[in-house]
Structure formats: C-alpha cells, structure tokens
Amino acid sequence: MIDQLKQLEHAARSLEPHPLLRQQLQASVTAHGDAFLDSLANAPAYRYQTEQGDSSFDPTISEEGSAVEAALAFLSEAVDISGINLPSGRMLGYIPGGGIFHSALGDYLAAITNRYSGHFFAAPGAVRLENVLLRWMAELIGYPDTSAGNLTTGGSLAHLTAIVTARDDYDALGEDCHRFVVYLTEHTHHSVHKSLHIAGLDKCLTRSVPVDNRYRLNPQALDKMVDADKKAGLIPWLIIASAGTTNTGAVDPLSAISDVADSFGCWLHIDGAYGALFALCEEARPILRGMDRSDSIIMDPHKTLFLPFGTGAVLVKNREALYSSFHWQADYTKDLPDDQDELSPADLSPELSRHFRGLRLWLPLKLLGLAPFRAALSEKILLARHFYEAMKKANGFEVGPYPDLSVVTYRYLPRRGNIDDFNQRLIQRVLMDGRVFITSTRVNGNFVLRLAVLGFRTHLDEIEEAIEILKRTARELEND
Ligand SMILES: *Cc1c(COP(=O)(O)O)cnc(C)c1O
C-alpha cells in the first residue's frame, strides 16, 4: 500500500511543475501569445476552411504528455488559423468581441489563485470586488442601491437570469400562464426567445410589436396592443426592449416604453448586451436615456468593454426578487455562516462553483482607468458615422438609417439584375478575400449588408480599408 502510494505520488506530482519548468512553460506560452498578437496587423480577418479535408487536425490526447512546443504548434496550425479572427481590427461582422491583454492577465491570476467566488464566506475579497463592479454598472445605468446583479458567462445566461426572476415575481408559470403576454419585436435577439423557452414560458402569448422606419419599437403601437390585451382579459406581463439590436444597432425609445410598462404594471427588461455600456460615452447617453426605468437589464463586457469572451452581466432592480429566484440551501452548506454583509453570486444565479470572472473585468479597469474605454467607445460611434457618410456618397451604394450606435446597414444597387443576388455575391467575394470580415441580415424582406464597429483594434485605417474593399469589389462584380 505504502509502496503503491509512493508510486502514485511520483506520477501525480507532475501536476505541480517545479519552478524552473514553470518558467519554461510560461515563457513558451507567452512567446506564442506575443507572436499571435504581432501577426494580427497583417492576418486576415477571416479564413475559410472546412473541418473535413484538414488532415492536420488531430487534437488527440494520450497517456503520455507532449512537449509544450508540439501543443502550441498544433494551436497555431489547426485552431488559431481558421474561421473568424475575432481579435483582428478588421473583424466588422456580428457584434465584434474584444480580448484586451490586461483581461488575459486577470484570467491568469484568477486561475492561479482559484478563489471560490460563489460565496462571500469563502472569498470575501473576491465577492466584494465583483459586487463593487456590479454597483459601478448599476450606477452607470442609473439603478438604485437596492438593485443587485451577477457577472455571468455572457448575455444569454444574463437574459435567462432576468427572465426567470420576472417569471417568478409575476408567477407567470401559474394556472394563468396561457393568458400571460410577452411583447417584443422582430429584431429582438434570438437569445431572448431561447431564454423564454428554457424558462418554460412557451405557453405564454408572444406579440411582435411593429417597428418604425428605423427599426425601433413603436411605443404607441405597444400601448394599443397592451391595452387591447388587457381589455380582452389577458395579462400583459413582460416587455422586452433593446438598447441596441444586433441586426441594425437600433435603440428602442426606452423612456416611452417605460411609460407603457409603468401604466400597465408590466416588467420591463432591456437587452443592452451590445448597447448599454455605451452609456460610458457622451455621444450615446441621450439615446440611451430611460435605461434606469427598467426592471432588469443585461450588458456584455465581452462586447462593449472589449473583454475576451466569457463575461456578461445582469442587473435586477428588485434584489429580493433576484435572490428569491436563485437562493438555495443544500444540506452540506447549512453550517456556513449566514452573513448579510454582501450578497453572494451563488444566491443570485444558476451557478455554484464558478470562474472568478470579476478579476478579468477589474484588472483592466484598475490598470487603465475608465478614460481609454470612454474614448474607444466614442471612437466606435464616430467610425460608424464616418462609414455611413462614406457609403452614402459611394457610387451605387444605398445606406439604411443613420446609426444609433455603431452598426450600419447598407447594400449595393446594381445597374441590372437582382439586388439581393448581387449583394450575396458581393459579401461572398469579400469573405473569400478575407481581409475584412462583414456580415449580412434581412430587414423588411431585403438582404442587406451590415458593418458593426466594436473592436478595440478597429480605427480609421481599418474602416477606410473596408470602404475601399467594398467599393472595389462592387465595381469588379458590375464588370464581371
Ligand atoms: C450578443 C447579444 C446577445 C447574446 O449575448 P451572448 O453574450 O452572445 O450570450 C443578446 N442580445 C444582443 C443584442 C446581443 O448583441
């Protein structure tokens, strides 16, 4: 037995590399990361590659370990190379994600120290730090001290958290569930529908509220619909507004929607995954007015604070409602001290053991201060406006509405042939080139191209390059 233990210990001890090996591993990984960052300026924003036919893709693991060089070479050749290159400043599709360096260092420290950030008693400093960040976000939105929130893995889990809270608060799963009505628009993000489904709310009625010619929810139409539903004996319950849709970047008229929510006693939930954190900059504040009047709101630091993927946030104005939906007591946690000092993430979310994700948010904010974030967000808005003006003037192009934030929709009107077909060929050719990455959507039945500016590496040069590529490619296609 003792011999066996010694043997096992010997084998298991490689889980703890000695200091010299630790340094070597760190140096190799850091060098790999540096090479990646140094390559970004010239790397394509998109590289088409199918998984089939790629013979180098063999991530197999075995009993024996590999050299770090071999593992890193595999990442370079088979992982970092294909698909969308998110950290590229020329990634201008979907809602771009960031990946600031300081955040990676925060993750490194969070993993090394591995604080158990689910419960206050286990890591008071970590939980306090996260709560300070949440209170900072609450202040930015205009929520009172009596609100509470949670740092989630992203916007989708943030939606789910808010929607479950609203469901429980209104007893929307009770006997009357088939009379409960949810109001949203055709531009509401699909993650909202997914959350409603996961929360068991498929039985509720869903109304698609008309939008105006800028794709914003029409509050008068909402008012009429809610009123008619109420008179028909239904129970208007949940209104979903967007502070920046993914489709077109439109910000719904939040104050007017709050008026409707107030007068009918509905829960107002705002999807601010993309747009809410733009409140940090002057340019966006007027259009975002009214966020403070919602009952819950989500935002995505992994979009609008340029963090690497893995951090969203939810805020709920009535913290008792959030606590009552997610607070649970297990037999084996009964002997934990019952402290009221700080709320614990485990009592406010579906998670128990969790990543100490506050650190990847706090470290960059602490080291850099807020000023560069505000500047970068103002820059994104101005870049979108610059792109809009340039495309408006460009021969043959037609632009959608003036951007509320940093998404612009546009398309090319060819001299002959089908407009949708032409634009589909246009985007395909731009993507095959891969220098810039853009995406498309459908509005009012039309296929349109969209440009979303949110990368922290996207500056004037990158936008000029995108404009140039679009104009050139459209010309080429016209002449084909
Ligand atoms: C990205 C996004 C979501 C979903 O958030 P994830 O972080 O991807 O889960 C929801 N709504 C809007 C408007 C978004 O842009």
Note: Asp252 and Arg216 closest approach over all heavy atoms is OD1-CA, 3.4 Å
Item to complete: For the pair Arg354 and Glu130, find out whether any cationic side-chain nitrogen is under 4.0 Å from an anionic carboxylate oxygen.
Response: yes
Can you tell me if CD on Gln26 sees more than 12 non-hydrogen neighbours from other groups inside 6.0 Å?
yes
CG of Leu151 to OG1 of Thr311, rounded to nearest 0.5 Å, is 7.0 Å
Atom CG of Asp38 with >12 non-hydrogen neighbours under 6.0 angstrom
yes
Q) Should Val443 and Arg450 count as side-chain neighbours, where that means a heavy-atom distance under 4.5 Å? A) no
Are Glu282 and Arg374 packed together at the side-chain level, in the sense that at least one heavy-atom pair is separated by less than 4.5 angstrom? no
Please answer whether the main-chain N or O of Gly455 pairs with a side-chain N or O of Lys380 as donor and acceptor at a distance below 3.5 Å. yes
Of all heavy-atom pairs linking Cys204 and Ala172, the shortest is SG-O, 4.3 Å
side-chain contact (heavy atoms from CB on, under 4.5 Å) with Ile297: of Ile141, Val316, Leu268, Asp292, only one passes, and it is Ile141
**Study point:** Derivation of the salt bridge (Lys or Arg N to Asp or Glu O under 4.0 Å) call for Arg293 and Asp259
**Key:** CA-CA 9 Å; Arg293 294 181 58 196; Asp259 289 341; 2.8 Å; yes
Correct closest heavy-atom pair for Ala126 and Arg115 would be CB-CB, 4.1 Å
- Just wondering, do Met91 and Tyr46 contact through their side chains at under 4.5 Å, heavy atoms? no
Start with the C-alpha gap between Phe309 and Leu86, add the side-chain angles, then the distance that decides, and say whether side chain to side chain contact (heavy atoms under 4.5 Å, CB included) holds. CA-CA 10 Å; Phe309 282 146; Leu86 263 151; 3.3 Å; yes
Rounding to 0.5 Å, atoms CG (Leu348) and CG (Leu322) come to a distance of 4.5 Å
Inset, instruction - Kindly indicate, with the supporting measurements, whether the criterion side chain to side chain contact (heavy atoms under 4.5 Å, CB included) is fulfilled by Val127 and Phe356. - result: CA-CA 9 Å; Val127 170; Phe356 173 24; over 6 Å; no
Plane angle bin for His327 and Tyr323 - parallel if under 30°, tilted between 30 and 60°, otherwise perpendicular: parallel
TODO: May I ask you to test the Gln24-Val68 pair for a side-chain heavy-atom distance under 4.5 Å?
DONE: no
Separation between OH (Tyr410) and CG (Leu451), nearest 0.5 Å, reads 5.0 Å
The complete set of ring-ring contact (aromatic ring centres under 6.0 Å, His included) pairs with one or both residues in residues 92-113, sequence neighbours excluded, reads Tyr94-Phe437
* To do: Please lay out, stage by stage, how Asp271 and Ile298 fare under the test side chain to side chain contact (heavy atoms under 4.5 Å, CB included).
  => CA-CA 6 Å; Asp271 181 354; Ile298 72 155; 3.6 Å; yes
message: For Leu449, is there any backbone N or O sitting under 3.5 Å from a side-chain donor or acceptor partner on Ser440?
response: no
Side chain proximity check, Ile467 to Leu470, heavy atoms < 4.5 angstrom | no
Between Trp237 and Tyr183, the two heavy atoms sitting closest are N-CE1, 4.3 Å
Here the salt bridge (Lys or Arg N to Asp or Glu O under 4.0 Å) pairs for residues 116-127, sequence neighbours left out, are none
Query raised in the report: Do side-chain atoms of His119 reach the backbone of Phe121 as a donor and acceptor pair under 3.5 angstrom?
Result: no
Of Thr246, Asn247, Thr245, the one forming a side chain to side chain donor-acceptor pair (under 3.5 Å) with His187 is Asn247
### Side chain proximity check, Ile240 to Val182, heavy atoms < 4.5 angstrom
yes
Per-pair distances, 0.1 Å, donor-acceptor, side chain in residues 4-12, under 3.5 Å, sequence neighbours excluded:
residue : atom : partner : partner atom : Å
Glu9    : OE2  : Arg13   : NE           : 2.8
Glu9    : OE2  : Arg13   : NH2          : 3.1

Practice problem: Spell out, as yes or no, whether a donor-acceptor pair under 3.5 Å connects the side chain of Asn131 to the backbone of Leu343. | Solution: yes
**Asked** Does a side-chain heavy-atom distance below 4.5 Å link Thr153 with Glu351?
**Response** yes
side-chain contact (heavy atoms from CB on, under 4.5 Å) test vs Leu454 passes for just one of Leu377, Leu405, Leu92, Val407, namely Leu377
**OP:** Check whether any side-chain N or O of Ser406 sits under 3.5 Å from a backbone N or O of Val453 as a donor-acceptor pair, and report yes or no.
**Re:** yes
Determine whether a donor-acceptor pair (N or O, by modelled atom type, separation under 3.5 Å) exists between the side chain of Asn85 and the backbone of Pro44. yes
Practice task
Without swapping roles, check the side chain of Arg457 against the backbone of Pro87 for a donor-acceptor pair under 3.5 Å.
Solution key: yes
| task | Decide yes or no on side chain to side chain contact (heavy atoms under 4.5 Å, CB included) for Leu361 and Met137, but give the supporting numbers first. | result | CA-CA 12 Å; Leu361 175 56; Met137 288 188 221; 3.5 Å; yes
Subject >> Worked verdict on Tyr274 versus Ser242 for side-chain hydrogen bond (donor to acceptor under 3.5 Å, both in side chains) >> reply: CA-CA 9 Å; Tyr274 155 60; Ser242 299; over 6 Å; no
Closest non-hydrogen atoms of Ala110 and His355, given as atom of the first, atom of the second and distance, are CB-CE1, 4.1 Å
Query raised in the report: Less than 4.5 Å apart, any side-chain heavy atom of His159 and any of Lys194?
Result: no
Tightest non-hydrogen contact, residues Asp300 and Gly154, listed as OD1-C, 3.4 Å
**Asked** Counting distance only, does the side-chain N/O of Tyr143 pair as donor-acceptor with the main-chain N or O of Ser296 below 3.5 Å?
**Response** yes
TODO: Mark yes or no for whether Ser195, through its side chain, and Leu160, through its backbone, hold a donor-acceptor pair below 3.5 Å.
DONE: yes
To the nearest 0.5 Å, atom CZ of Phe326 lies from atom OG of Ser344 at 15.0 Å
Value for OG1 (Thr206) from CG (Leu201), rounded to nearest 0.5 Å, stands at 9.0 Å
CG (Leu307) and CZ (Phe456) are apart, to the nearest 0.5 Å, by 10.0 Å
Next on the checklist: Below 30° counts as parallel, above 60° as perpendicular, anything between as tilted: where do the rings of Tyr388 and Tyr402 land?
Outcome noted: perpendicular
Quick check against the 3.5 Å criterion: does Lys317 have a side-chain atom that pairs as donor or acceptor with the backbone of Ser294?
yes
